[in-house]
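Structure record follows, encoded as structure tokens.
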Amino acid sequence: MTNMTILNVDDNEPSRYVRSHILSHAGFEVYEAGTGGAALQVITERNPDLILLDMNLPDVHGIEVCRQIKSSPVSASIIVLQISASSTTAPHAKMALDSGADAYLTEPVDPDVLVATVKALLRLRKAERDLSAANERLLQLNQDLHRSNEDLEQFAFAASHDLQEPLRTVISFVGLLQRTAREKLAGAELEYLSYIIEGSRRMRVLIDDLLRYSQIGQRREPSQVVDLNIVLAWTIENLREGISDSAAQISADQLPCVIGDESQLGHVLQNLIGNAIKYAQPGVPPEVHLSAGREGDFWLIRVRDNGIGIDETYFQLVFAAFKRLHGKEVPGTGIGLAICRKVIEVHGGRIWVESKRGCGSTFCFTLPANPIPSPAV
């Protein structure tokens, strides 16, 4: 607080001297001016934190001085404490505050009240500065984070794209070796070869998922109307084999139309329904039901299953890339739900899970409810 500077503006020299003495004794650095013109000059040269401004000045009225201070981008943030000796307090106070003054006092001002008022106003000034500095730091951090995310996504795209060709070569020649040299290899060698084939297959799926993840939001297609009922139909068709093998039952209420990328939203439904089938209760046919409802400016879509459920501890972890709650006994790359989250966030919504271990899960996500009529029932 003692580093703050004050400009004391008053044409009455004894009064100006007393106030300056009081404020200097309180630890402030004080500059003085006897006219409005001199005050504006000191403001330009010193940029004080607070101005103690008398209402009646010989050249420019204090109200006009305050108006000029507050209208300039350079000095608008300076705190103005207007002081008047007028007996008509209310009209002058209104004029002062309307012109931009931050506070108003009338003569005679008690020294303790003057210092306390100045300190209170300067605390606000410091808080504003701290907030502005914090906002600037936050903006810079957000910009740095945005650049880092862009760099990471570009790296993921480049790495996954460049890995595809050598991996295809490995898979092709391993397959060729398996076909041509099967009879020449011992049992252990055939086992090793099967490990290579399986590892290559998992790597190909992982690279494909990583490439898909890195592309979300990078090349935005023109917004289009997406009928989620149609998306669900081809999602079920894509999962037909898994649905048939597990005897899964997929049902849905009427789903809305939204604005977005049909392919990306299809990946969301395919991941969520596919996971419901994958993480079914042992010996219990999967049951998956999709529902939708309007909540304010958003559609809320729910995908409910009767699977093994998720412990509350892992509600956030399941949406992180490469985080898996199960071992190799359950196939997957651990990036499916991360893709879902990124797609939904790119579309302006959010996604979360409601679940209890052993009692199934409900994955919920929102999408903006644009002024598009939903399909007729």
Side-chain angles (χ1 to χ4, degrees), residues 153 156-157 160-161 164 204-246 248-280 286-294 298-305 307 318-319 321 331-353 361-370 372-375:
E153 288 173 351
F157 175 81
S160 55
H161 183 271
Q164 285 184 321
R204 181 177 61 189
V205 173
L206 177 59
I207 290 174
D208 288 344
D209 283 349
L210 183 59
L211 187 60
R212 185 178 298 114
Y213 181 81
S214 67
Q215 289 176 318
I216 297 171
Q218 291 296 302
R219 293 176 293 182
R220 296 297 301 274
E221 297 295 329
S223 296
Q224 58 181 331
V225 178
V226 179
D227 185 344
L228 293 181
N229 299 284
I230 296 175
V231 174
L232 175 61
W234 61 255
T235 296
I236 292 174
E237 180 62 25
N238 289 342
L239 295 170
R240 180 173 53 182
E241 184 177 348
I243 292 173
S244 176
D245 291 344
S246 63
Q249 296 293 321
I250 314 296
S251 61
D253 297 339
Q254 188 71 13
L255 301 179
C257 288
V258 296
I259 292 290
D261 184 293
E262 185 177 61
S263 176
Q264 290 182 2
L265 292 173
H267 284 304
V268 172
L269 294 187
Q270 187 160 320
N271 268 304
L272 296 180
I273 296 173
N275 280 350
I277 296 172
K278 185 189 303 182
Y279 296 104
E287 294 179 4
V288 185
H289 182 74
L290 286 78
S291 60
R294 183 73 176 263
F298 291 86
W299 287 108
L300 172 61
I301 292 92
R302 295 176 177 270
V303 182
R304 188 184 73 244
D305 65 54
V318 294
F319 293 102
T333 60
I335 202 172
L337 288 178
I339 291 175
C340 291
R341 181 175 66 177
K342 191 172 182 183
V343 168
I344 295 303
E345 289 177 351
V346 164
H347 281 74
R350 64 188 186 94
I351 185 170
W352 68 96
V353 62
S361 301
T362 301
F363 282 86
C364 312
F365 62 90
T366 61
L367 292 170
N370 296 282
I372 307 166
S374 291

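This chain uses plain numbering: 1 for the first residue, then up along the sequence.
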Check: D305 side chain, S361 main-chain N or O, donor-acceptor pair, under 3.5 Å: yes
Between H289 and Q249 (side chain of the first, backbone of the second, donor and acceptor by atom type, cut-off under 3.5 Å), is there such a pair?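 Looks like no, no N/O pair under 3.5 Å.
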Contacts of type side chain to side chain donor-acceptor pair (under 3.5 Å), residue Q270, not counting sequence neighbours: N238
Residues in side chain to side chain donor-acceptor pair (under 3.5 Å) contact with S244, at least two apart in sequence or another chain: none
Considering all heavy atoms, the nearest [X]-[Y] contact:
{"X": "W299", "Y": "C257", "value": "NE1-O, 3.9 Å"}
{"X": "G260", "Y": "V226", "value": "O-CG2, 3.5 Å"}
{"X": "E262", "Y": "Q224", "value": "N-NE2, 3.5 Å"}

Do [X] and [Y] touch side chain to side chain, with heavy atoms closer than 4.5 Å?
{"X": "N229", "Y": "Q254", "value": "yes"}
{"X": "L337", "Y": "F363", "value": "yes"}
{"X": "I243", "Y": "I250", "value": "yes"}
{"X": "C340", "Y": "F365", "value": "no"}
{"X": "E287", "Y": "R304", "value": "no"}

By side chain to side chain contact (heavy atoms under 4.5 Å, CB included), which residues pair with L232, not counting sequence neighbours? I236, A252, L255, L269, I273, L290
Can you list the residues that meet the side chain to side chain contact (heavy atoms under 4.5 Å, CB included) rule with R350, with sequence neighbours excluded?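 W352, T366.
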With sequence neighbours excluded, residues passing salt bridge (Lys or Arg N to Asp or Glu O under 4.0 Å) with R294: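 Salt bridge (Lys or Arg N to Asp or Glu O under 4.0 Å) check on R294 returns nothing, list empty.
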Residues which pass salt bridge (Lys or Arg N to Asp or Glu O under 4.0 Å) with E237, listed by chain and number, not counting sequence neighbours: R240
